[in-house]
Amino acid sequence: IRNMKKFVLGISPARGGSKGIPKKNITKLNNKPLIYYTINVAKKSKYLDDYILNSDDKKIREVASGYGVKTMDRPKKYSHDKILQEVDLLLKWTVQKYEKKYNKEVDIVVLLYPTSPLRDVKSLDKAINMVKNKGYDSVLSLYHDTRYLWKIKKNNQVIPTNYDPNNRMPRQKEIWNQWAENKSIYVMKKDLLFKKGRIGKKCGYVEMEKWRSVDVDTIDDLKIAKSLIDKV
């Protein structure tokens, strides 16, 4: 009889061919490679039973191994960003390889992009617990977004998309229910991932502070992260 404890696997996809910042995932942030901060939070989690970093880049795998975590290569078809739901497909491939190699049956999958260096372990564990014990089939991290959003039309005119500038309330009194996905934490049941994808009908959320929601994709993002990393 299988142990009824739900096995939770954390996965970080760390592609080598980043465009905005070359070798982004091992670029230095406060004298440590970017992937260090995700690895560090994963190690502190009380719910992750195991964690693996998946990369097509040998150097990235070597750096991750130096921090004592499992690493895995990937097929070339998952080494770019040109196909629909590429990361979900990579997650499924990684889970299958992990289960076969380590003789484990995974119940819950946690996606941790290494480009979110400011995430906190409290939010991570809250999200995992919601799927593990609270009846959600998936959870993601969001921050409350109070920006005034505009759309650029073909003739270079602009129109507002979430408010009327001629009937503007003070920002604090706007009644937006507007939340932004910050690409920091995704937790899902394995069955959901394999049948549909990372987000199900019983999806919950954890709110993260806006300053923790920096997703490093450009040099400007990296500068912002560097200015905040000492607060972590």
Side-chain angles (χ1 to χ4, degrees), residues 10-48 51-72 74 79-81 86-87 90-91 110-128 139-150 171 178-187 198 205-232:
I11 302 172
S12 286
R15 197 163 55 86
S18 50
K19 297 172 183 174
I21 306 172
K23 297 286 185 182
K24 173 175 64 179
N25 289 303
I26 52 175
T27 194
K28 288 297 176 67
L29 180 59
N30 200 15
N31 296 317
K32 290 186 172 63
L34 183 61
I35 59 173
Y36 161 82
Y37 298 96
T38 293
I39 291 170
N40 189 44
V41 167
K43 283 185 169 184
K44 289 180 179 179
S45 170
K46 63 183 179 182
Y47 289 120
L48 281 181
Y51 170 78
I52 190 164
L53 185 135
N54 183 304
S55 180
D56 59 322
D57 188 283
K58 183 179 178 181
K59 179 62 177 176
I60 293 174
R61 296 197 302 271
E62 288 175 352
V63 171
S65 295
Y67 290 110
V69 301
K70 294 181 175 72
T71 65
M72 188 181 290
R74 67 175 74 171
S79 297
H80 50 73
D81 56 357
E86 180 178 293
V87 173
L90 175 61
L91 290 178
V110 181
L111 167 60
L112 299 172
Y113 284 109
T115 50
S116 180
L118 304 175
R119 78 166 64 75
D120 58 303
V121 70
K122 183 178 177 182
S123 295
L124 173 58
D125 280 346
K126 181 179 179 181
I128 297 172
V139 170
L140 78 163
S141 52
L142 306 172
Y143 69 92
H144 192 221
D145 186 0
T146 58
R147 290 175 296 177
Y148 298 111
L149 301 179
W150 290 70
R171 187 191 295 267
Q178 183 172 295
W179 297 80
E181 187 174 338
N182 66 4
K183 292 186 65 180
S184 184
I185 300 166
Y186 300 88
V187 184
R198 75 181 81 161
Y205 77 98
V206 291
E207 180 180 357
M208 286 176 60
E209 295 160 289
K210 189 174 181 180
W211 72 269
R212 286 191 179 276
S213 297
V214 176
D215 176 48
V216 177
D217 188 48
T218 66
I219 292 294
D220 285 344
D221 298 329
L222 188 63
K223 289 177 181 178
I224 293 169
K226 284 181 177 179
S227 71
L228 295 168
I229 198 68
D230 288 335
K231 291 180 66 177
V232 173

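Side-chain atoms are counted along with the backbone in the values below, which use heavy atoms only and exclude waters and symmetry mates.
Closest approach of Tyr148 and Trp150 over heavy atoms only: O-CD1, 3.6 Å. Of all heavy-atom pairs between Ala127 and Val187, the closest is CB-CG2, 3.8 Å. Between Lys183 and Asp215, the closest heavy-atom pair is CD-OD2, 3.7 Å. Summarising the geometry of Met208 relative to Arg212, their closest heavy-atom pair is CE-O, 3.8 Å, with the distance given to 0.1 Å. Residues Ala42 and Leu112 approach most closely at CB-CD1, 4.3 Å, considering heavy atoms.
Checking side-chain atoms of Asp57 against main-chain N and O of Ala14 turns up no donor-acceptor pair under 3.5 Å. One N or O on the side chain of Asp56 and one on the backbone of Gly16 form a donor-acceptor pair closer than 3.5 Å. Between the side chain of Tyr37 and the backbone N or O of Ile229 there is no donor-acceptor pair closer than 3.5 Å. No donor-acceptor pair under 3.5 Å is formed between the side chain of Ser55 and the backbone N or O of Arg61. At distances below 3.5 Å, at least one donor-acceptor pair connects side-chain atoms of Lys43 with backbone N or O atoms of Tyr67. Between the side chain of Ser227 and the backbone N or O of Ile224 there is at least one donor-acceptor pair closer than 3.5 Å.
Taking the side chain as every heavy atom from C-beta outward, Glu62 and Thr71 never approach each other to under 4.5 Å. When side chains are defined from C-beta on, Ser12 counts as touching Tyr51, because their heavy atoms get closer than 4.5 Å. Between Leu111 and Ile11, the closest side-chain pair of non-hydrogen atoms is not below 4.5 Å. Counting only heavy atoms from C-beta outward, the side chains of Ser184 and Leu124 never approach each other to under 4.5 Å. Two residues are said to be in side-chain contact when any heavy atoms from C-beta on lie closer than 4.5 Å; Ile185 and Ser123 meet this criterion. Put simply, the side chain of Lys226 does not reach to within 4.5 Å of the side chain of Asn30, judged on heavy atoms. With contacts defined as side-chain heavy-atom distances shorter than 4.5 Å, the pair Pro13/Arg74 qualifies. Put simply, the side chain of Leu53 does not reach to within 4.5 Å of the side chain of Thr38, judged on heavy atoms.
For the atom pair Ile35 CD1 and Leu29 CG, the distance stands at 12.0 Å (nearest 0.5 Å). To the nearest 0.5 angstrom, Arg119 atom CZ is 11.0 Å from Asn40 atom CG. Taking CG of Leu222 as the start and OG1 of Thr27 as the end, the distance is 5.5 Å to the nearest 0.5 Å. A distance of 9.0 Å separates OG1 in Thr115 from CG in Asp221, rounded to the nearest 0.5 Å. Remark: Tyr113 OH to Arg15 CZ distance equals 10.5 Å, nearest 0.5 Å. Distance check: Glu181 CD to Asp145 CG gives 12.5 Å after rounding to the nearest 0.5 Å.
Note on Lys44 versus Asp125: no salt bridge recorded, every NZ/NE/NH1/NH2 to OD/OE distance being 4.0 Å or above. For Lys122 and Asp120, the salt-bridge test fails: no basic side-chain N is under 4.0 Å from an acidic carboxylate O.
Taking the six-membered ring where tryptophan is involved, the planes of Tyr205 and Trp179 are tilted, since the angle between them lies from 30° to 60°.
Of the options Glu209, Lys210, Glu207, a side chain to side chain contact (heavy atoms under 4.5 Å, CB included) to Tyr143 is made by Lys210 and by none of the others.
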